[in-house]
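Shown next, in structure tokens, is the structure this report addresses.
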Amino acid sequence: MPTPQQFPFISVSGAPYARGVQYGQQARDRVQLSVRLYGQTLVDLGFSESQRMQLINSFVPTIEAFAVHYLDEMRGIAKGAEVSFEDIVMINARTEVLARARAEKNRAVELEPDDGCTGALVLPERSASGNLLHAQNWDWRAECVDTAVVLRIRQDDGPDILTYVEAGGLARSGLNSAGVSITANYLESDRDFGQLGTPLSLIRRKVLEQQHFALALKAVATTPKSCSNNIMLGMAQGFGIDFECTTNEAFPIYPGDDNLIVHANHWVNPVALCKLLDTGRASTPESSYRDWRVRKLLNMHEKLDLNDLKQALFDDFGTPYSVCRPPRPGSHDNLSATVAMIVMEPALGIMDAAPLPALNKTFTRYSLSEDPVLLPGV
């Protein structure tokens, strides 16, 4: 694959609809590519246009009940990007939409690449700067390197937000001006898709809208979900926690004696393992050593900085089934890869992001307060 472009930076402000229009206009090409990518999956599953609209619109009442202003923002994005409102709902609920689509067509394991992700959080006690550090490799479809952006939202009624996200989405990984940070990664259990819950991407956005960390915890731990997910939260003042979430429970994992949290894609909490079946092992068999490798590499240093986190997440042990995954054939006609490495220092409001890090060692530094800066190669 050619050397990837750095992720575009989108900065918006104002009321939800107005900033949505700004977002859509600035990211139009990438939003339209996102729409084609996930829309084609529904076509491949045999959905007609009317069936696609009906499926996507079935999620709107749940979103409205959770946060009606998200719908205003989505309508603005659709207007600015010159796509339909339903297209933007699809992007923001793509996990849930595609799962229901596959279930309706009795094709539950087809057409999706192997998911992944490895996340890490460093408490201030282990940090060379004395600040909490938070990072993740996002493993998904390699072609999403061309659909992702870094979005800065200046809010009139809450903290400012900096998030790495698929174009058209409201949030994925990120931080806010109150010092809250979030990453999330795939988990699977036998409880998945037995109920209709709030789309995962919107829970992440809700976290980043919170001025207080306790309310960020509440958004993760108490919001009903359609499926399992692992969500790691950081607090710049010096605390971090990981929640292994099912549809209706959240099992906490606290930092260990090494003042680290590291999580891949298998269940770890012993209470969770007594109550549910981990059904994701087949799709992420290498998860068992990915978190072990990252923790081992981090614990080679007494104090850790952003570069140490990056080096651990560049690990190629077991490649191509590695922490840093090069593009390789996925489950069907697609390429699976570590699409992005995201490394954050919430107290400083900064996020370093590198596209396709197995092929590219160049990061851009994005900020809540400054323009993006291209960093020297690692």
Side-chain angles (χ1 to χ4, degrees), residues 24 28-64 71 74-75 77-78 81-116 138-148 165-170 172 186-202 224-229 247 265 279-284 327-337 339:
R28 181 178 296 127
D29 290 347
R30 291 199 169 215
V31 172
Q32 292 179 358
L33 189 56
S34 289
V35 169
R36 292 195 296 271
L37 178 66
Y38 295 120
Q40 186 60 46
T41 300
L42 293 178
V43 171
D44 292 341
L45 284 166
F47 278 77
S48 66
E49 182 65 12
S50 62
Q51 290 173 325
R52 185 177 76 89
M53 291 294 183
Q54 183 178 4
L55 171 67
I56 293 168
N57 277 309
S58 69
F59 290 85
V60 171
T62 301
I63 298 171
E64 183 176 24
L71 296 178
M74 290 182 205
R75 291 187 177 97
I77 297 169
E82 300 177 358
V83 298
S84 73
F85 167 68
E86 287 81 6
D87 287 331
I88 301 302
V89 174
M90 176 181 64
I91 292 170
N92 281 279
R94 55 103 164 149
T95 297
E96 295 79 6
V97 167
L98 296 180
R100 183 181 290 182
R102 293 193 300 269
E104 287 186 14
K105 300 296 183 179
N106 295 315
R107 296 168 66 182
V109 298
E110 294 189 19
L111 298 173
E112 285 303 295
D114 300 327
D115 205 340
W138 179 43
D139 302 339
W140 184 232
R141 296 182 175 191
E143 54 264 53
C144 286
V145 73
D146 295 321
T147 67
V165 65
E166 292 177 86
L170 298 191
R172 186 170 179 83
Y186 164 82
L187 278 180
E188 188 177 312
S189 79
D190 55 351
R191 298 188 188 181
D192 292 350
F193 302 110
Q195 68 177 39
L196 179 61
T198 300
L200 296 171
S201 68
L202 303 185
K225 305 165 187 67
S226 296
C227 59
S228 303
N229 199 230
T247 54
N265 302 108
T279 56
R281 291 285 189 165
S283 58
T284 57
R328 60 170 171 78
S331 54
H332 276 259
D333 296 330
N334 52 61
L335 289 177
S336 175
V339 179

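Here, residue 1 is the first one in the sequence, and each next residue gets the next number.
- Each of Arg94, Arg141, Arg172 was checked for a side chain to side chain donor-acceptor pair (under 3.5 Å) with Glu166, and the lone residue meeting it is Arg94.
- Within the 4.5 Å cutoff, the side chain of Phe85 has no heavy atoms near those of the Ile77 side chain.
- From Leu98, atom CG reaches atom OG1 of Thr41 across 5.5 Å, with rounding to the nearest 0.5 Å.
- Considering every non-hydrogen atom in both Glu96 and Thr198, the closest pair reads OE2-O, 4.1 Å.
- Judged purely by distance below 3.5 Å, without hydrogens or angles, the side chains of Thr279 and Arg191 never pair a donor atom with an acceptor atom.
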Exercise for review: Begin from the C-alpha positions of Val83 and Gln32 and carry the test side chain to side chain contact (heavy atoms under 4.5 Å, CB included) through to its verdict.
Suggested key: CA-CA 7 Å; Val83 298; Gln32 292 179 358; 3.8 Å; yes

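- Asn57 is not listed as a side-chain neighbour of Val89, based on a closest heavy-atom distance of 4.5 Å or more.
- Interatomic distance, Leu71 CG to Leu202 CG, rounded to the nearest 0.5 Å: 8.5 Å.
- Using modelled atom types, one finds a donor on one side chain and an acceptor on the other under 3.5 Å when comparing Ser84 with Asp87.
- The distance from atom OG of Ser283 to atom CG of Asn265, rounded to the nearest 0.5 Å, is 8.0 Å.
- The side-chain heavy atoms of Glu104 and Gln51, taken from C-beta on, include no pair separated by under 4.5 Å.
- Looking at Ile88 and Val31, their side chains come closer than 4.5 Å, going by heavy atoms from C-beta outward.
- Ser189 and Ser228 are linked by a side-chain donor-acceptor pair at a separation below 3.5 angstrom, with hydrogens and angles left out of the test.
- The two residues Arg30 and Thr147 make their nearest non-hydrogen contact at NH1-N, 3.9 Å.
- Separating the CZ atom in Arg100 from the OG1 atom in Thr95 is a distance of 13.5 Å, to the nearest 0.5 Å.
- Using a 3.5 Å distance cut-off with no hydrogens or angles, the side chains of Glu188 and Tyr186 do pair a donor with an acceptor.
- The shortest side-chain heavy-atom distance between Leu55 and Leu42 falls under the 4.5 Å cut-off.
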Point to revise | Candidate pair Thr284 and Asp139, rule side chain to side chain contact (heavy atoms under 4.5 Å, CB included), full reasoning | key: CA-CA 11 Å; Thr284 57; Asp139 302 339; over 6 Å; no

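- Checking side-chain atoms of Ser226 against main-chain N and O of Gly197 turns up a donor-acceptor pair under 3.5 Å.
- Scanning all heavy atoms of the two residues, the minimum distance from Cys227 to Thr247 falls at N-CG2, 3.8 Å.
- Around the CD atom of Gln40, the shell of radius 6.0 Å holds more than 12 heavy atoms that belong to other residues, nucleotides or ligands.
- With contacts defined as side-chain heavy-atom distances shorter than 4.5 Å, the pair Leu196/Phe59 qualifies.
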Practice item. Assess whether side chain to side chain contact (heavy atoms under 4.5 Å, CB included) is satisfied between Met74 and Ile63, documenting all intermediate values. Key: CA-CA 11 Å; Met74 290 182 205; Ile63 298 171; 4.2 Å; yes

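- Within the 4.5 Å cutoff, the side chain of Leu170 has heavy atoms near those of the Asn92 side chain.
- By the 6.0 Å and 45° rule, Lys225 does not stack over the aromatic ring of Phe193.
- Remark: Leu33 CG to Asp29 CG distance equals 8.5 Å, nearest 0.5 Å.
- In this structure, Glu86 CD and Glu49 CD are separated by 8.5 Å, a value rounded to the nearest 0.5 Å.
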